[in-house]
Amino acid sequence: KMVSWFNQTLPKLIKVDLIGECRDFISIEFTQHEDGSKEATHSKYWLALGEKYKEQLEGRNMRVPMKPGMDKKLADLKPTPEEHAAVADFGYRELVGSISFPSCHTKLEIRFAVSLISRHLHDWDAICINAALDCLSYCVNTHDIGSMWLPGIDPHGPNVPYGYADSGFSAPRSQGGR
């Protein structure tokens with residue numbers, strides 16, 4: 001009923017050509033199942049990034065967003081000007097931005113890793129690049145996993161957001177989920 005109303009009303013308000021069922025929006029792919037469950041993924045987005053960074057991802061097969069101990073290493077990291085200069089031509093900011101965007105919508109489990117690799121947008125080194133590529137490898141390997149909504153199974157009631165956050169309560173500041 002709402003889709004029908006939208007399809008009838010929108011063309012009256014703005015010039016638009018409706019060309020069928022919307023399956024994705026800002027690269028988020030939506031799937032609505034017969035049982036009422038809904039999924040949101042960035043599957044095509046991650047696969048395209050995997051192709052773009054295919055050479056750099058060669059041999060990486062991450063099943064977690066970040067290797068154990070890398071969080072502390074990145075938090076304590078202070079690259080020297082020489083270490084940065086050695087890899088300054090690598091598109092680190094572009095890679096981190098590409099990973100960051102879906103972390104806000106469908107890949108919430110990588111928020112902690114993105115927070116740590118984002119600390120070095122001005123002074124990255126090879127350690128930072130490897131951490132970002134490891135995170136990308138994880139996302140490519142889990143491209144079909146995103147956010148899911150299941151009706152009727154939540155003991156908190158319908159439309160009550162809750163969850164666990166991947167947080168590290170260590171200095172210099174807490175890294176938490178929102």
Side-chain angles (χ1 to χ4, degrees), residues 22-31 38-149 161-178:
C22 179
R23 295 201 177 272
D24 61 358
F25 176 70
I26 58 170
S27 78
I28 302 172
E29 299 158 57
F30 292 99
T31 306
K38 296 162 187 69
E39 291 179 78
T41 66
H42 273 96
S43 185
K44 291 186 277 186
Y45 180 92
W46 290 122
L47 292 174
L49 271 178
E51 279 301 309
K52 179 176 181 174
Y53 291 95
K54 187 176 186 174
E55 189 176 308
Q56 292 89 348
L57 293 177
E58 189 71 34
R60 294 175 200 266
N61 192 21
M62 295 294 290
R63 298 294 178 195
V64 293
M66 185 173 281
K67 290 177 181 165
M70 184 56 72
D71 54 342
K72 175 127 176 70
K73 189 179 281 191
L74 286 171
D76 297 340
L77 188 66
K78 293 184 180 12
T80 66
E82 295 79 23
E83 290 169 329
H84 175 68
V87 293
D89 60 337
F90 183 83
Y92 184 71
R93 290 181 187 134
E94 180 183 355
L95 173 58
V96 173
S98 296
I99 294 169
S100 181
F101 170 70
S103 77
C104 299
H105 305 287
T106 62
K107 263 315 190 200
L108 304 177
E109 74 273 21
I110 68 168
R111 293 295 300 155
F112 178 61
V114 168
S115 174
L116 289 171
I117 61 177
S118 295
R119 287 183 176 193
H120 299 284
L121 293 176
H122 300 287
D123 64 346
W124 65 90
D125 66 2
I127 292 170
C128 301
I129 293 170
N130 279 313
L133 289 170
D134 283 348
C135 187
L136 176 58
S137 171
Y138 164 78
C139 293
V140 171
N141 284 331
T142 60
H143 66 91
D144 57 338
I145 300 172
S147 299
M148 185 168 227
W149 295 269
Y162 71 97
Y164 296 101
D166 184 1
S167 300
F169 299 103
S170 57
R173 61 190 162 118
S174 172
Q175 302 291 320
R178 288 184 233 157

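Count residues from 1 along the sequence. This structure is a prediction, so every number in the text was calculated from the model and none was measured.
- Residues Tyr45 and Pro102 come closest through the heavy atom pair CE2-CG, 3.4 Å.
- With sequence neighbours left out, the side chain to side chain donor-acceptor pair (under 3.5 Å) criterion links His143 to Ser43.
- Partners of Leu95 by side chain to side chain contact (heavy atoms under 4.5 Å, CB included), not counting sequence neighbours, listed by chain and number: Tyr53, Phe90, Ile99, Ala132, Leu133, Leu136.
- Between Ser137 and Val140 there is no side-chain heavy-atom pair separated by less than 4.5 Å.
- Considering every non-hydrogen atom in both Thr41 and Ile145, the closest pair reads CG2-C, 4.2 Å.
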Problem - side-chain contact (heavy atoms from CB on, under 4.5 Å) evaluation trace for Trp124 with Arg93 - result: CA-CA 9 Å; Trp124 65 90; Arg93 290 181 187 134; 4.0 Å; yes
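- In this structure a side-chain-to-backbone donor-acceptor pair under 3.5 Å is present from Glu29 to Lys44.
- Residues Leu74 and Arg119 have side chains not in contact (no heavy-atom distance under 4.5 Å, counting atoms from C-beta outward).
- Residues Glu39 and Phe30 form no side-chain contact, since every pair of their non-hydrogen atoms from C-beta on lies 4.5 Å or further apart.
- Between atom OG1 of residue Thr142 and atom CZ of residue Arg63 there is a gap of 8.5 Å, rounded to the nearest 0.5 Å.
- With rounding to the nearest 0.5 angstrom, the CD1 atom of Ile129 is 12.0 Å from the NE2 atom of His120.
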Practice task
Check the pair Asn141, Tyr138 against side-chain contact (heavy atoms from CB on, under 4.5 Å), reporting the backbone distance first and the verdict last.
Solution key: CA-CA 5 Å; Asn141 284 331; Tyr138 164 78; 5.8 Å; no
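- Ring geometry for His105 versus His42: interplanar angle of 30 to 60°, hence tilted.
- Residues Asp123 and Glu83 form no side-chain contact, since every pair of their non-hydrogen atoms from C-beta on lies 4.5 Å or further apart.
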Problem - CA sep, side-chain torsions, deciding dist, call: Arg111, Cys104, side-chain contact (heavy atoms from CB on, under 4.5 Å) - result: CA-CA 8 Å; Arg111 293 295 300 155; Cys104 299; 3.5 Å; yes
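- To the nearest 0.5 Å, the span separating OG1 on Thr31 from CE on Met148 amounts to 8.5 Å.
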Practice task
Check step by step if side-chain contact (heavy atoms from CB on, under 4.5 Å) holds for Cys128 and Leu77.
Solution key: CA-CA 9 Å; Cys128 301; Leu77 188 66; 3.4 Å; yes
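- Here the shortest heavy-atom pairing between Met62 and Met66 reads CE-C, 4.1 Å.
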Practice task
Kindly determine whether Arg60 and Glu58 satisfy salt bridge (Lys or Arg N to Asp or Glu O under 4.0 Å), including the steps that lead there.
Solution key: CA-CA 6 Å; Arg60 294 175 200 266; Glu58 189 71 34; over 6 Å; no
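- Only one option out of Ile127, Val96, Ile110, Asn130 pairs with Ile117 in a side-chain contact (heavy atoms from CB on, under 4.5 Å); it is Val96.
- Within the model, atoms SG of Cys139 and CG of Leu47 stand 11.5 Å from one another, a figure rounded to the nearest 0.5 Å.
- No donor-acceptor distance shorter than 3.5 angstrom exists from the side chain of Ser100 to the backbone of Gly97, with no hydrogens or angles considered.
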